[in-house]
2 protein chains.
Amino acid sequence: MSISIKDVAEKAGVSVATVSRVLSEGPVRADTKERVHAAIKALGYRPNLSARRLRTQHAQTIGLIVSDIRNPFFTAVGRGVEDAAYRAGMRVLLCNTDENVERERMYLRLMQEERVTGLILAPTLAMLDQLQKNPLQFPAVLIDRAGAGGLYDSVVLDNREAANTLVEHLFEEGYRRIGGVFGQTSATGLERRDGYCASMKARGLTPDPRLLPPTVDAGEKAMSEWLAGPDAPEAIIASNGLLLMGVVKAAQRLGRAIPSDLAVAGFDNEDWTEVVGPGLTVIEQPVHDIGRNAMSLLFDRLQNPGLAPRKVVLSGRCIVRGSTLASKPAALAENRSAPLTGAAAMNP
Amino acid sequence: MSISIKDVAEKAGVSVATVSRVLSEGPVRADTKERVHAAIKALGYRPNLSARRLRTQHAQTIGLIVSDIRNPFFTAVGRGVEDAAYRAGMRVLLCNTDENVERERMYLRLMQEERVTGLILAPTLAMLDQLQKNPLQFPAVLIDRAGAGGLYDSVVLDNREAANTLVEHLFEEGYRRIGGVFGQTSATGLERRDGYCASMKARGLTPDPRLLPPTVDAGEKAMSEWLAGPDAPEAIIASNGLLLMGVVKAAQRLGRAIPSDLAVAGFDNEDWTEVVGPGLTVIEQPVHDIGRNAMSLLFDRLQNPGLAPRKVVLSGRCIVRGSTLASKPAALAENRSAPLTGAAAMNP
DNA sequence: ACATTTTCAGAAATCGTTTTCAGACATTAC
DNA sequence: GTAATGTCTGAAAACGATTTCTGAAAATGT
């Protein structure tokens with residue numbers, strides 16, 4: 001049994017009300033305040049948050065539900081959310097769903113039971129659908145995967161445009177048979193696929209998109225088969241960091257050189273994309289901004305619940321590296337953000 | 001204001017006690033149970049966890065404090081913890097401290113205010129010291145960084161042995177001027193340094209260890225200067241995944257080929273270590289086991305608080321890849337866990 | 001010196017649960 | 001038919017905080 005406000009009151013010779021007032025900087029005489037503080041220190045008292053939350057009906061907690069905290073994109077976003085919440089004196093309840101609707105549902109239930117102040121989530125496709133039918137009881141902001149949205153505030157990347165940028169770049173580099181692997185569980189994956197398809201068609205090319213579970217293993221497996229088959233592409237676009245890793249692994253396993261046998265481009269500017277092979281061309285997402293914007297939308301809504309849903313669309317930045325520069329090696333020196341020598345020197 | 005058990009009771013025409021009994025599978029007649037369930041569904045009632053925790057004095061919550069959730073080592077451990085907790089019907093409160101003692105202290109305070117059932121933490125050196133002087137009020141298990149330990153249960157890697165393994169391997173490959181970069185904020189970093197130093201001396205070599213903040217940037221900066229200087233090593237050991245990335249980046253930036261100009265070995269078998277350059281030789285930690293073991297120690301202690309502190313020491317596995325195989329290329333084909341062809345083919 | 005205001009502190013209600021205690025009713029035993 | 005036994009249900013007391021209401025003492029005004 002732990003120490004309660006009652007014990008402190010007793011020790012200090014005051015009522016619990018007074019102790020509470022001391023804790024919340026209420027009006028209390030200097031000398032009694034001192035006695036209370038002494039008692040708190042002597043007993044090592046810490047307020048019980050459950051009790052406080054129950055009484056005040058204020059959880060001071062932001063829920064954050066993501067699909068996979070191992071994905072650096074989400075760890076970075078999480079960091080942005082946490083920083084903002086911390087500054088506002090709020091706690092963050094972080095949950096990862098593993099792209100599993102069952103877990104997603106159970107965490108959503110948990111959020112309700114915790115009576116969270118607000119929620120930030122990156123829903124799977126299935127959940128997105130459900131959220132429109134059964135709206136949540138508390139303010140929520142969708143990140144990364146908002147779909148057409150509608151009911152909720154959201155912060156997303158301009159996925160179609162970003163996919164188009166990659167296709168355009170590959171096209172200009174002379175690639176024509178450009179394939180793509182896309183996460184099948186998120187609206188984001190689908191949007192990137194749509195952007196890719198549209199961009200391909202606009203250039204008179206036939207798109208060849210494949211929807212996959214967004215994991216390294218799925219990417220590697222699918223890509224291995226694809227590369228070994230008759231319809232192997234010259235270039236490939238991967239819709240997130242995990243699939244991108246899968247593509248690279250498959251290429252290596254099959255002995256396909258990047259970019260001469262296979263050009264590779266993808267999403268998410270993770271540390272390793274800079275050091276692998278000739279460097280990977282990627283779309284960098286403003287990860288920290290996404291978290292910060294989400295919190296800012298959320299706080300606005302908390303202050304003003306009547307607000308109409310807002311959608312913040314951020315732009316990605318295309319970082320060109322060696323993985324897409326086979327045909328015009330001259331372009332390399334101009335465009336690359338980091339010198340190539342290191343990468344080239346990696347070979348024994 | 002949200003729906004409470006009282007509303008349900010009213011709607012179902014029973015007392016709150018009965019509703020509570022329905023929720024906890026207590027003895028209640030089938031037909032009333034049905035009515036209550038109907039009311040719950042109709043109202044969309046969800047129990048208030050704060051109230052429940054207050055009443056039962058059971059938080060059903062495990063605290064998990066790590067230094068940096070972006071570090072794949074901790075995300076993996078976290079996953080292990082969460083899985084085990086989930087199976088036991090417990091919630092996990094995840095906090096990352098950024099290797100910052102201030103944040104660490106505040107999260108520890110938070111854990112106390114949440115009245116967590118138990119705690120799993122990877123303390124900084126400074127915190128480790130404090131924990132010995134002011135023992136925690138609730139069961140705790142130290143992971144990854146237990147130091148000499150003493151008061152607490154802990155799960156750690158055999159760091160000295162692992163460091164020795166790397167030195168031994170490099171030595172056998174013919175390297176002599178072997179340097180090392182180690183995280184300065186954790187007991188683990190120091191232990192690996194000690195193991196490295198001891199192993200070097202045992203072979204008649206002079207160790208050259210450098211203590212750094214455990215970040216990519218710190219690793220890259222320190223390594224860049226080191227490699228550019230007169231005392232540049234032939235081989236380098238990095239004590240964690242972040243420093244390892246820093247080493248690789250520095251080598252690339254300076255145009256040092258791996259392994260012919262610089263052999264590289266490190267800790268943490270992250271995905272990218274397999275695909276970068278010729279593949280990086282690393283010590284793989286049993287990450288999931290660490291999390292699972294920690295939870296198991298914690299549960300034991302919850303059931304039997306009188307237990308003497310136990311220390312579980314796990315072994316790492318050395319995965320040899322191309323980054324340490326410059327002198328004896330023949331050894332490559334035998335030892336490597338993955339074929340090298342892919343990596344070699346990466347070069348344009 | 002008395003009335004009025006201000007300042008500070010305590011009693012008690014409250015938040016939403018669980019749980020104990022006791023009572024109501026039905027069932028079984030004789 | 002009464003006593004003894006179960007089965008179910010409700011009233012009320014916690015859990016540990018905050019907050020309202022009220023009153024006592026102190027400070028102020030005249």
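In what follows, every chain begins at residue 1, and chains take the letters A, B, ... in the order their sequences are listed. Just the heavy atoms: all of them, side chains too, but no hydrogens, waters or symmetry mates, feed the values below.
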Is the distance from OP1 or OP2 of dT17(C) to the nearest side-chain N or O of Q57(B) less than 4.0 Å? no
Below 3.5 Å, can you tabulate the donor-acceptor pairs from side chains in residues 71-79 of chain B to any protein atom, sequence neighbours excluded?
from: N71(B); atom 1: OD1; to: F73(B); atom 2: N; distance (Å): 2.9
from: T75(B); atom 1: OG1; to: P72(B); atom 2: O; distance (Å): 2.9
from: R79(B); atom 1: NH1; to: D98(A); atom 2: OD1; distance (Å): 3.0
from: R79(B); atom 1: NH1; to: D98(A); atom 2: OD2; distance (Å): 2.9
from: R79(B); atom 1: NH2; to: D68(A); atom 2: OD1; distance (Å): 2.9

Go through the structure and list residues passing side-chain hydrogen bond (donor to acceptor under 3.5 Å, both in side chains) with E82(A), not counting sequence neighbours. Y107(B)
Out of dG16(C), dG16(D), dT18(C), minimum distance to the side chain of R55(B) belongs to dT18(C)
Residue-phosphate contact under 4.0 Å: R52(A) side-chain N/O, dT18(D) OP1/OP2: yes
Identify which one of L128(B), L297(B), L151(B) satisfies the side-chain contact (heavy atoms from CB on, under 4.5 Å) criterion when paired with L142(B). L128(B)
Remember a base hit wins even if backbone is also touched, and classify S4(A) as base, sugar-phosphate or nothing at under 4.0 Å, heavy atoms. sugar-phosphate
Within-4.5 Å side-chain heavy-atom neighbours: K33(B) and R29(B): no
Taking atom P of dT19(C) as reference, at what distance in whole Å does atom CG of L54(B) sit? 12 Å
Which residue pairs pass the salt bridge (charged side-chain N to carboxylate O under 4.0 Å, His left out) test with at least one member in residues 2-15 of chain A, sequence neighbours excluded? none
Hey, which of these two, T18(B) or T18(A), hits DNA chain C nearer its 5' end, going by closest nucleotide? T18(A)
Nearest-Å distance, NZ (K6(B)) to C1' (dA11(D))? 13 Å
Judged by each residue's nearest nucleotide on DNA chain C, which is more toward the 5′ side, V16(A) or D31(A)? D31(A)
Could you pull out every donor-acceptor pair under 3.5 Å between side chains of residues 38-50 of chain A and any protein atom, sequence neighbours left out?
from: R46(A); atom 1: NH1; to: E113(B); atom 2: OE2; distance (Å): 3.1
from: N48(A); atom 1: OD1; to: S50(A); atom 2: N; distance (Å): 2.8
from: N48(A); atom 1: OD1; to: A51(A); atom 2: N; distance (Å): 3.1

Between the protein and nucleotides 20-22 of chain D, list every N/O to N/O distance that falls short of 3.5 Å.
none

Could you check whether D153(B) pairs with K311(B) (Lys NZ or Arg NE/NH1/NH2 to Asp/Glu carboxylate O, under 4.0 Å)? no
By nearest-nucleotide position on DNA chain D, the 5'-leaning member of P27(B) and T56(B) is P27(B)
A140(A): partners by side chain to side chain contact (heavy atoms under 4.5 Å, CB included), with sequence neighbours left out: L119(A), L121(A), L136(A), Y152(A)
Starting from the 5' end of DNA chain D, give me the residue, V28(B) or S50(A), whose nearest nucleotide shows up first. V28(B)
How many Å lie between CD on E10(A) and P on dG10(C), as a whole number? 13 Å
Expressed in angstrom and rounded to an integer, what is the separation of L23(A) atom CG from dA17(D) atom C1'? 9 Å
Between the two ends of the helix from dA1(C)-dT30(D) to dC30(C)-dG1(D), what is the bend in degrees, rounded to 10 degrees, where each end axis spans five pairs? 40°
According to a strict under-4.0 Å criterion, is R29(A) in side-chain N/O contact with OP1 or OP2 of dC8(C)? no
List the atom pairs, donor and acceptor, that lie under 3.5 Å between side-chain atoms in residues 16-23 of chain B and the rest of the protein, sequence neighbours left out.
from: T18(B); atom 1: OG1; to: S15(B); atom 2: OG; distance (Å): 3.3

For a quick check of understanding: with a heavy-atom distance under 4.0 Å over all strands, which category does V14(B) fall into, base, sugar-phosphate or nothing? sugar-phosphate
Rounded to whole Å, how long is the line connecting atom NE2 of H58(A) with atom P of dT18(D)? 13 Å
Residue list, side chain to side chain contact (heavy atoms under 4.5 Å, CB included) with V116(B), at least two apart or on another chain: T61(B), M111(B), E114(B), F138(B)
Grab the CZ-P distance between R53(B) and dC15(D) for me, whole Å please. 19 Å
Counting only heavy atoms and a strict 4.0 angstrom limit, can you tell me which residues of residues 32-47 of chain B come near DNA chain D? T32(B)
Calculate the interatomic distance between I5(A) atom CD1 and dA17(D) atom P; express it in whole Å. 5 Å
List in chain and number order the residues that pass side chain to side chain contact (heavy atoms under 4.5 Å, CB included) with T124(A), two or more places apart in sequence or in another chain; answer none if no residue qualifies. E99(A), V101(A), E104(A), A126(A), M127(A), R145(A)
Of all residues at least two apart in sequence or in a different chain, which pass the side chain to side chain contact (heavy atoms under 4.5 Å, CB included) check with E102(A)? N100(A), R105(A)
A side-chain contact here means heavy atoms from C-beta on lying under 4.5 Å apart; do T32(B) and R35(B) qualify? yes
Check the distance between dA17(D)'s C1' and Q60(A)'s CD and give it to me in whole angstrom. 14 Å
